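When a ligand or atom number is given, it counts from 1 through the structure's own listing order. Predicted model, so just to flag it, every value in this text is computed and none were measured.
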Amino acid sequence: MAESIKTDVVIVGAGIIGLAIAFQVASDGRDVVVIDPNDPGSGASYGNAGTLAPYACAPVGNPDVLRNLPSLLVNRDSPLAVRPAALPALFPWLSRFLWQSTPVRARRNAYALAELLKDAMPTWRELAEQARLSDLIRYEGCLYLYRGKMPREDGEWGARLRNELGVRQERLTSEEVARLEPALPRASGGILFPDAAHIVDPAALTGRLAVAAAAKGASFERARVDRLQPQDGGQIRLACSDRSIEAQTVVLAAGAWSRDLAAQAGEKIPLDTERGYHIEFAMDTCPIKRPVSPVDLGFYATPMTGRLRVAGTVELGGLSAPLNPKQTALLERGVRKLFPDLGAVQSRWLGFRPSLPDSLPVIGHSRRYPNLIYAFGHGHLGMTLAGATSRMVASLIENRNEALNLDAFRPDRFA
Ligand SMILES: Cc1cc2nc3c(=O)[nH]c(=O)nc-3n(C[C@H](O)[C@H](O)[C@H](O)COP(=O)(O)OP(=O)(O)OC[C@H]3O[C@@H](n4cnc5c(N)ncnc54)[C@H](O)[C@@H]3O)c2cc1C
């Protein structure tokens with residue numbers, strides 16, 4: 001007979017979002033069960049660029065991307081690729097993405113993102129302190145590197161928007177870039193985001209966050225949730241192959257895999273994945289001190305413990321196709337333009353960003369089932385937004401009287 005588990009809160013998914021929520025909610029004294037068939041932190045949260053990027057308020061879909069789309073799609077070295085076989089399935093997401101990239105919508109999305117991002121660093125500092133993770137975070141800022149001509153201050157949509165939203169960004173001359181990061185080749189200039197930080201080992205961070213949540217009383221079940229079962233009383237029960245779980249609150253935080261589960265609760269949410277890649281080079285001391293993104297190449301090189309990680313590219317192509325070696329070769333060609341003497345690539349990885357067409361996550365109650373809360377779809381910013389999201393979800397669960405305005409993140413905003 002299937003085992004039946006009862007608890008206060010069950011969290012589906014042990015990525016950075018589910019783990020941060022588990023830690024907060026267990027700290028509030030709730031009985032928490034986290035359910036995932038895989039090791040904590042082994043999804044997108046494992047292989048990302050590790051930046052905590054409070055400056056990144058420009059949505060992926062924006063007027064610059066719209067204008068440059070033809071060259072982004074045909075250029076061999078473009079950081080954007082689409083798998084032709086996936087095009088029919090992608091069509092609804094893509095058409096919404098293009099619609100959200102128009103100036104008025106992109107600007108509205110940027111303002112909503114900026115509201116979340118303004119809490120990103122304070123909430124991360126708090127979470128890192130409470131869960132004893134501070135040694136894994138470096139506060140050195142992030143650097144955009146311009147190898148070609150440096151754009152005018154208001155020359156790019158994203159830069160104009162960051163100015164408008166009061167994001168701290170410092171324009172650097174070629175000499176200033178060289179002083180900051182002497183190992184980089186000569187650039188025409190850069191933009192330093194001094195309030196950003198980076199994680200030196202995302203896998204260690206999620207592993208230790210899981211241990212910290214367990215120390216607060218959270219328990220971990222290794223199983224895949226197969227079905228969300230609405231009950232007569234309007235509650236949701238979770239069914240796995242060998243057990244079922246009943247909870248006062250169910251939190252759906254299964255990253256890029258959340259769409260089909262939400263659909264079982266009757267909610268049609270246009271979540272898809274932007275596949276992203278990394279390659280790593282083993283080294284004791286990295287040539288750079290902080291994440292560097294050469295803007296024309298579209299990746300981040302991030303100094304991590306024992307290695308340089310080069311992460312990025314967007315490949316639209318669904319969850320099932322295997323790693324595409326063209327994408328990792330692109331990252332390798334790109335990073336060798338910065339550091340020609342790098343040794344052999346040590347590892348290659350493919351991960352699945354959970355992405356909505358407007359670059360905003362889904363955070364809040366299901367419209368149909370009061371005990372179901374959504375927390376997924378953080379796209380390029382899940383590491384950055386984990387602290388802020390977990391605090392909001394904990395407030396929803398505890399009915400805390402904080403002035404939460406989750407309108408922009410509603411699950412039914414595309415209906
Ligand atoms: C190349 C790349 C670079 C990135 N760089 C950055 C960066 O620099 N900064 C930043 O902020 N973000 C970055 N991101 C984005 C960030 O990694 C993601 O937004 C974040 O990891 C998403 O976290 P998550 O917890 O929602 O999902 P995940 O980490 O993917 O976790 C989801 C979990 O749900 C589980 N699951 C799935 N289905 C089920 C089921 N049916 N039952 C139970 N469990 C299930 C999975 O096993 C998985 O463990 C990057 C992403 C990529 C790919």
Here the atoms of ligand 1 under 4.0 Å from any heavy atom belonging to Val12 are 42 (N), 43 (C)
Among all protein heavy atoms, pick out the one at the shortest distance from atom 20 (C) of ligand 1; state its residue, atom name and that distance to 0.1 Å. Gly382 CA, 3.8 Å
Determine which pairs satisfy ring pair (Phe, Tyr, Trp, His ring centres under 6.0 Å) with at least one residue from residues 279-323, sequence neighbours left out, and list them in order. none
Considering the heavy atoms of Ser45, write down every atom of ligand 1 situated less than 4.0 Å from one of them. 20 (C), 21 (O), 23 (O), 25 (O), 28 (P), 29 (O)
Ionic contact status for Arg96 with Asp272, cut-off 4.0 Å: no
Could you list which atoms of ligand 1 come closer than 4.0 Å to a heavy atom of Ala49? 3 (C), 4 (C), 5 (N), 6 (C), 8 (O)
Heavy-atom proximity to atom 42 (N) of ligand 1, picking from Val225, Asp260, Thr273, points to Val225
Does the Ser188 side chain pair with the main chain of Tyr146, one donor and one acceptor, at a distance under 3.5 Å? yes
With heavy atoms only and a cut-off of under 4.0 Å, state how His380 meets ligand 1: side chain, backbone, both or neither. backbone
Which protein heavy atom lies closest to atom 31 (O) of ligand 1, and at what distance to 0.1 Å? Gly15 CA, 3.4 Å
So does Asp407 pair up with Arg413, basic N to acidic O under 4.0 Å? no
Please list, in number order, the atoms of ligand 1 under 4.0 Å from a heavy atom of Ile35. 43 (C), 44 (N)
Which option wins on minimum heavy-atom distance to atom 17 (O) of ligand 1: Pro37, Ala223, Ala44, Ala256? Ala44
What is the closest protein heavy atom to atom 24 (P) of ligand 1, and at what distance does it sit? Ile17 CG1, 3.8 Å
Purely on distance, is any nitrogen or oxygen of Gly379 under 3.5 Å from one on ligand 1? yes
Lys/Arg N to Asp/Glu carboxylate O, Arg162 vs Glu156, below 4.0 Å: no
Taking both backbone and side-chain atoms of Gly312, is any N or O found less than 3.5 Å from an N or O belonging to ligand 1? no
Residues at least two apart in sequence or cross-chain that pass salt bridge (charged side-chain N to carboxylate O under 4.0 Å, His left out) with Asp232, listed by chain then number, are none
Check whether any N or O atom of Met383, backbone or side chain, sits under 3.5 Å from an N or O atom of ligand 1, and answer yes or no. yes
Is Glu164 paired with Arg107 through a side-chain N to carboxylate O contact shorter than 4.0 Å? yes
Check: of Pro291, Ala254, Gly377, Ala311, min heavy-atom distance to atom 34 (O) of ligand 1 comes from Ala254
Within the structure provided, determine whether Val345 and Leu331 are in side-chain contact (heavy-atom separation under 4.5 Å). no
Thr384 heavy atoms, cut-off 4.0 Å: which ligand 1 atoms fall inside? 9 (N), 10 (C), 11 (O)
If you measure from each heavy atom of His278 to ligand 1, is any distance below 4.0 Å? no
Please determine which of Glu267, His365, Arg410 meets the side-chain hydrogen bond (donor to acceptor under 3.5 Å, both in side chains) test together with Tyr374. Glu267
Close-contact set for ligand 1 against Leu381 heavy atoms, below 4.0 Å: 10 (C), 11 (O), 12 (N)
Establish, yes or no, whether the cationic atom of Arg290 lies under 6.0 Å from the six-membered ring centre of Phe193 and within 45° of the ring axis. no
May I ask you to identify, for Tyr277, whether its side chain, its backbone, both or neither come under 4.0 Å of ligand 1 on a heavy-atom basis? backbone
Within the supplied structure, the quantity of interest is the number of heavy atoms (other residues, nucleotides, ligands) at a distance under 6.0 Å from Asp284 CG; does it exceed 12? no
Would you say Trp257 has any N or O atom under 3.5 Å from an N or O of ligand 1, going by distance alone? no
In the protein, what heavy atom is nearest to atom 46 (C) of ligand 1, and what distance, to one decimal place, separates them? Asp36 OD2, 3.4 Å
Among protein heavy atoms, which sits nearest to atom 51 (C) of ligand 1, and what does the distance come to when rounded to 0.1 Å? Arg353 CG, 3.5 Å
Any non-hydrogen side-chain atom of Leu72 less than 4.5 Å from a side-chain atom of Ser78? yes
Nearest option to atom 27 (O) of ligand 1, as decided by whichever heavy atom of Pro54, Pro361, Gly255, Ser355 sits closest: Gly255
Considering Val314, Leu238, Asn48, Thr51 one by one, which has a heavy atom nearer to atom 50 (C) of ligand 1 than any of the others? Asn48
Are His198 and Pro303 close enough that some pair of their side-chain heavy atoms sits under 4.5 Å apart? yes
Numbered atoms of ligand 1 (with element) below 4.0 Å of Leu261, judged on heavy atoms: 41 (N)
Pair Arg208 + Asp135, salt bridge at N-O below 4.0 Å: yes
